[in-house]
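Down below is the structure, laid out as structure tokens.
We count ligands from 1, going down the list as the structure has it; atoms in each ligand are counted the same way.
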Amino acid sequence: MKLSNSYIGLPEEFYQVVNPSPVKNPKTLIFNEDLADSLGIKLGNEEVLNFFSGNGLPEDSVPIALNYAGHQFGNFVQQLGDGRAVLLGEINTKDGTYDLQLKGSGKTMFSRQGDGRSALGPVIREYILSEAMHHLGVPTSRALAAIATGEYVARETFEPGGVLTRIAKSHLRVGTFEYFASRQQLSDVKMLADFAIQRHYPEIRETEKHYLELLKKVASNQSKLISKWMSIGFIHGVMNTDNFTISGETIDYGPCAFLDEYHPGKVFSSIDQNGRYAFGNQPSIASWNLASLAGCLIAFIDKDSDKANELATEVLDNFSKDTNQRILDLMCNKIGLDGSKEENNTLLRRLLKIMMDNEADYTITFRNLSKVLNNEPDGFLKEFLKKEEITAWLEDWKFAFGKENESHDSLAIKLDEINPAYIPRNHQIQDAIDQAYENDFSKMLEMIEVIKQPFTEQSKYDIYASAPKENQKVSRTFCGT
Ligand code: AMP
Ligand code: MG
């Protein structure tokens, strides 16, 4: 495994060189062979255990914790940084450069009151969720390994500890820019922006206004990301600016969750008391986060500050417009219709309203549309179909795609490629974690298999396609840090 580290070329204040802290009795729970292969990583079992527990370092690793700040729930925190993570290095592949990072690997100078560790539960959550997102076609960090440390961490109770190894295009965040901008260290902001352009958007390097272009690129990638979240019913839960990437990938899976029943106001995170990061708020929060980035870059966008403001505002306005349209397009695709037509948007809104009023399961409702076309409604939809409104809606829907000359068969196939049968359901994840805490990892491993093919129904995995029963419902998720 060849590692490089371009971040250490930046000034000292950008990071701390710090070794992961060894753990007592590590055990590899899972190593992602497919991902390792795609990255050209070839390691024996012993190396996997050593490197990804933090007990041994790959030969050419210079491990660092990254420095950053961030807005948490709207409040600025001047000093955050990797308090429980280290970047082992970067892997260069033909598809680009990826960070290899350990999470839960011990204290750093940014740990503040924390122990630098992670409980095993959040490691398993992040593993399952990030891999599911990848297979659902959403840009995301990925999980390379999960290790049980053999140690306990003190949370509300004592819990077994874990270390997650994750791969991301980078760990640059809006919060990294905010760290330097809030201290008026403008040459550092510029250096960081140049680094980000080099790493993620080299094609804009030679453009005249490349800092404005950087803002546009981040906006465009975040717009694509957030609209995908909305279309699959994903709630990140902690969209703080320190969890908001420059690459446009999903990172930092904390109290995130997938919707069971549809409601735009849905919040799972126990720490999100005002619903700032509710499902339906995610596009406007993304815009808020981009405005924070724009604030950091403003001095470099144009020498004339009025002009700079005008240009940045235009990017943010376009972001909102583009994201709304993208969401409509993706959502209309879920019902097989063209999102650019107003009448289709109206039809979509009608369906969402019916779903909300009936507390319909988000994933199951959309998945069952193809079954309606094949005249094979399963139990859930039969029950749901009794409602007069949905019967009328289905008629209008069939009429709408009839106008677009789409046959039932071809549309059913298309819909099944868009609307997943399997998402990592909150109650199943919780079960997998509970069982792992009893030393049984079979459910965790099974879920990781199921989510590899979210669009293909497999009868032996039926339970993973079902909605939770009332007594299984998870209503609150936790950061678990
Ligand atoms: P998060 O909400 O997980 O993105 O984390 C926010 C900040 O808290 C980051 O600076 C983390 O490094 C830090 N943090 C979270 N958990 C711990 C922990 N157990 N020990 C040290 N720092 C932590
Ligand atoms: Mg974070």
Is the gap between the ring centers of [X] and [Y] under 6.0 Å?
| X | Y | answer |
| --- | --- | --- |
| Y422 | F455 | no |
| F234 | F258 | yes |
| F177 | Y68 | no |

Side chain, backbone, both or neither: which applies to [X] and ligand 1 if a contact is any heavy-atom pair less than 4.0 Å apart?
| X | value |
| --- | --- |
| F110 | neither |
| D82 | backbone |
| R173 | neither |
| R117 | backbone |

| query | Is there a donor-acceptor pair under 3.5 Å between the side chain of E249 and the backbone N or O of K169? | reply |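 A pair under 3.5 Å: yes.
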| field | Shortest non-hydrogen contact from P139 toward L225 | value |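 The pair with the smallest heavy-atom distance is O-CD1, 3.3 Å.
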| said: Looking at every non-hydrogen atom in both residues, tell me the closest pair between P424 and I128 and how far apart they are. | reply: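 Scanning both residues completely, I find the closest heavy atoms to be CB-CG2, 3.9 Å.
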Atom indices of ligand 1 within 4.0 angstrom of [X] heavy atoms, with elements:
| X | result |
| --- | --- |
| R155 | 19 (N) |
| N243 | 4 (O) |
| Q72 | 6 (C) |
| Y68 | 9 (C), 10 (O) |

| When you measure from atom 20 (N) of ligand 1 to each heavy atom in G104, G116, G237, which option holds the nearest one? |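 Nearest option to atom 20 (N) of ligand 1, by heavy atoms: G116.
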[X]-ligand 1 polar pair, N/O distance under 3.5 Å:
| X | answer |
| --- | --- |
| L80 | no |
| G81 | yes |
| D115 | yes |

| Side-chain H-bond candidate by donor/acceptor type, E90 with Y7, under 3.5 Å |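 Absent: no donor and acceptor within the cut-off.
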| Metal environment of the Mg ion (ligand 2), protein N/O/S under 2.8 Å |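 The answer, once waters are left aside, is N243 OD1, D252 OD2.
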| field | Non-neighbouring partners of Y152 that pass side-chain hydrogen bond (donor to acceptor under 3.5 Å, both in side chains), sequence neighbours left out | value |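 Partners of Y152 by the side-chain hydrogen bond (donor to acceptor under 3.5 Å, both in side chains) criterion come out as none, since no residue qualifies.
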| request: Go through the structure and list residues passing side-chain hydrogen bond (donor to acceptor under 3.5 Å, both in side chains) with H200, not counting sequence neighbours. | output: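 side-chain hydrogen bond (donor to acceptor under 3.5 Å, both in side chains) list for H200, sorted by chain: S170.
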| request: Classify the angle between the aromatic ring planes of Y253 and H236 as parallel (below 30°), tilted (30 to 60°) or perpendicular (above 60°). | output: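 Tilted, since the angle between the ring planes falls between 30° and 60°.
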| task | Is it possible for you to check whether R173 lies under 6.0 Å from the centre of the six-membered ring of F244, through NZ or CZ, and within 45° of that ring's axis? | result |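 No, a cation-pi geometry is absent between R173 and F244.
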| Is the closest heavy-atom distance from R112 to ligand 1 below 4.0 Å? |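 R112: in contact with ligand 1 (<4.0 Å).
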| Would you say D252 touches ligand 1, if touching means a heavy atom closer than 4.0 Å? |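 So D252 counts as touching ligand 1.
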| Which pairs, with at least one residue in residues 435-450 and sequence neighbours excluded, count as a salt bridge (Lys or Arg N to Asp or Glu O under 4.0 Å)? |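 Checked against salt bridge (Lys or Arg N to Asp or Glu O under 4.0 Å) - neighbours excluded - the pairs reaching residues 435-450 are D431-K443, E449-K452.
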| message | Against D260, only a single residue in K473, R425, K266 fulfils salt bridge (charged side-chain N to carboxylate O under 4.0 Å, His left out); can you say which? | response |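 Of the listed options, the one satisfying the test is R425.
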